[in-house]
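Values reported hereafter were calculated over all heavy atoms of this structure, with side chains retained and with hydrogens, waters and symmetry mates removed. We name chains A, B, ... by the order of the sequence lines, and we start the count at 1 in each one.
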Protein chains: 2
Amino acid sequence: MATVQTPNPAAGDAAAGPAFSPLYQQIKALITRSLQVGEWKPGEAIASEMELAARFRVSQGTVRKAIDELSAENLLVRRQGKGTYVATHSEQQVQYRFLRLVPDEGGKVRVAERRFLDCRRTRAGAEVARALELKTGDPVIQARRLLLFGGRPVVLDDLWLPGGLFKGLTAERLSEHRGALYAFFESDFGVQMIRAEEKLRAVAASAADAPLLGVVQGAPLLSCERRTLTYGDKPVELRRGLYETSAHAYRNELN
Amino acid sequence: MATVQTPNPAAGDAAAGPAFSPLYQQIKALITRSLQVGEWKPGEAIASEMELAARFRVSQGTVRKAIDELSAENLLVRRQGKGTYVATHSEQQVQYRFLRLVPDEGGKVRVAERRFLDCRRTRAGAEVARALELKTGDPVIQARRLLLFGGRPVVLDDLWLPGGLFKGLTAERLSEHRGALYAFFESDFGVQMIRAEEKLRAVAASAADAPLLGVVQGAPLLSCERRTLTYGDKPVELRRGLYETSAHAYRNELN
DNA sequence: GAGTGGTCTAGACCACACT
DNA sequence: GTGTGGTCTAGACCACTCC
């Protein structure tokens, strides 16, 4: 490493174009790799900046810039005076990190009751296969659950997971776990949900779904289709949520 | 400035707590101030890093960190070899910077037809006043417009603007301008929209709105309530959009 | 006090755009 | 070539946490 510069060796340029990549980007990739293979587990501290600088033969400032970006992407969390930690879904603070639904009257009541309605092994249809980058017919696990706030049903989620990554997942284990679903996936299956893409639209409640959410057939529901990705932008979950938004809203910030 | 440190003078600590603020944050505030008072206009280049470093008696690295953050917040745009520019809504690249609606089948057709249905001076009701941080009864301008994609109506927007900031805004001028609405506000009224908060929910089309969007009464629509802010988080627009999402979706990324 | 991240500096050199 | 932002370094000191 050291003072690698222009015709950069670590950055791939086998057949592609110029492909210059600064040192800190290479360091960033190396750290990400370590996270991916589990050198440091979620919730643990990674090596200190000085240690990493020594390991990669680079200045602390360069390691710093790499960690800055990983931290901005929520893969790492810096804690002054303590160290840099691997982000995790298993913490009180970040419960439901990806759920943007907030109650209308600033109530901070976020004690959801969960009901798992279904969980079964099946095979990927064309649409699910495409979203999860599997082949049609590959094994997938499908589950359905209801979230209630203050006793009222608000979210009906259908989710599909690649069978290969979630071996041994059963309805029973789903029902038994405490805390967020992603925390469970992280601790029990080593699958770390890092980022997600969502597509929102308004739909009419179907005859089957309406009673579950306590609305009449045809009532407007917010449909939220989410594709959740892990390291390397590999899709590991497809989720379709139906939100009953008469007392909650999906909150978003634009910059 | 120079080497100001611990019991920081520039950072306010009149009555509050410790209120330590690093140098680069102070520089950031100073640059933001210059943007706010119009020292550099949208689309123009600001002073170079070296010039700013000299002006503020600070190292280039410190200016750099301040600009890094402003650039991450989309207030500034860096262009290697050229300079750092004030962000603007008046560029082909960033047309409809805050509109997250995308067509279903990856069509990149973004040539919206606009129809202004209404524009009138009125007074703020309780709700509008609260959202815009005005007093009930303060003058506001209300407008209504339709966006069509490929000839089909997709978005029905109602918007409220503080009368004091948009003196001389008429239905005619609204209809005549080319390009994005925010570009028009920026160039003709000096109001720069820099970030926004949105609340999404699903609603049923009203008898009045349904025909405008070409749907039947009661059809599900995506309601998008937006509060747009300028420098200092001052609200300068309230907007309520109704999106017909049978062929479009609201796209979001979660990190 | 020792160790960690956070800030600030000064200087060197690289990549890019204009002229 | 000149000027701009972009990267990298080395060293100093500050703020925070824990022992």
- Query: Under 4.0 Å: is that the gap between some side-chain N or O of A:Ser59 and OP1 or OP2 of D:dA10?
  - Reply: no
- Query: With respect to the phosphate group of D:dT7, does any side-chain polar atom (N or O) of A:Thr62 fall under 4.0 Å of OP1 or OP2?
  - Reply: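 Negative; the distance criterion is not met.
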- Looking only at side chains, do A:Glu237 and A:Tyr182 share a donor and an acceptor under 3.5 Å apart?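 Yes, because at least one side-chain N or O of A:Glu237 sits under 3.5 Å from a partner of the opposite role on A:Tyr182.
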- Query: B:Ser59: what forms a side chain to side chain contact (heavy atoms under 4.5 Å, CB included) with it, not counting sequence neighbours?
  - Reply: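 By the side chain to side chain contact (heavy atoms under 4.5 Å, CB included) rule, B:Ser59 matches B:Thr62.
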- Task: Could you list the residues that satisfy side chain to side chain contact (heavy atoms under 4.5 Å, CB included) with A:Ser71, not counting sequence neighbours?
- Result: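 With sequence neighbours excluded, A:Ser71 shows a side chain to side chain contact (heavy atoms under 4.5 Å, CB included) to A:Arg78, given in chain and number order.
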- Message: In the structure I gave you, are the side-chain heavy atoms of B:Leu254 and A:Arg195 within less than 4.5 Å of one another anywhere?
- Response: no
- Note on the structure: Residues B:Glu186 and B:His89: closest non-hydrogen pair is OE1-N, 3.0 Å
- In chain order, what residues pass the ring pair (Phe, Tyr, Trp, His ring centres under 6.0 Å) check against A:Phe189, with sequence neighbours excluded?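 A:Phe189: ring pair (Phe, Tyr, Trp, His ring centres under 6.0 Å) contacts with A:Phe166, A:Phe184.
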- Note on the structure: In numerical order, the residues of residues 65-82 of chain B whose heavy atoms come under 4.0 Å of DNA chain D are B:Arg78, B:Arg79, B:Gln80, B:Gly81, B:Lys82
- A:Arg240 with A:Asp157: basic N within carboxylate O range, under 4.0 Å: no
- Whole-Å distance, A:Ile27 CD1 to D:dG6 C1', equals 17 Å
- Within residues 35-50 of chain B, residues whose heavy atoms come under 4.0 Å of DNA chain C: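 Going residue by residue through residues 35-50 of chain B, none turns out to have a heavy atom under 4.0 Å of DNA chain C.
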- Item | DNA chain C stem ranges, 3 or more consecutive Watson-Crick or G-U pairs under 3.5 angstrom |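 Counting only runs of 3 or more consecutive pairs, the stems involving DNA chain C are C:1-18 with D:1-18.
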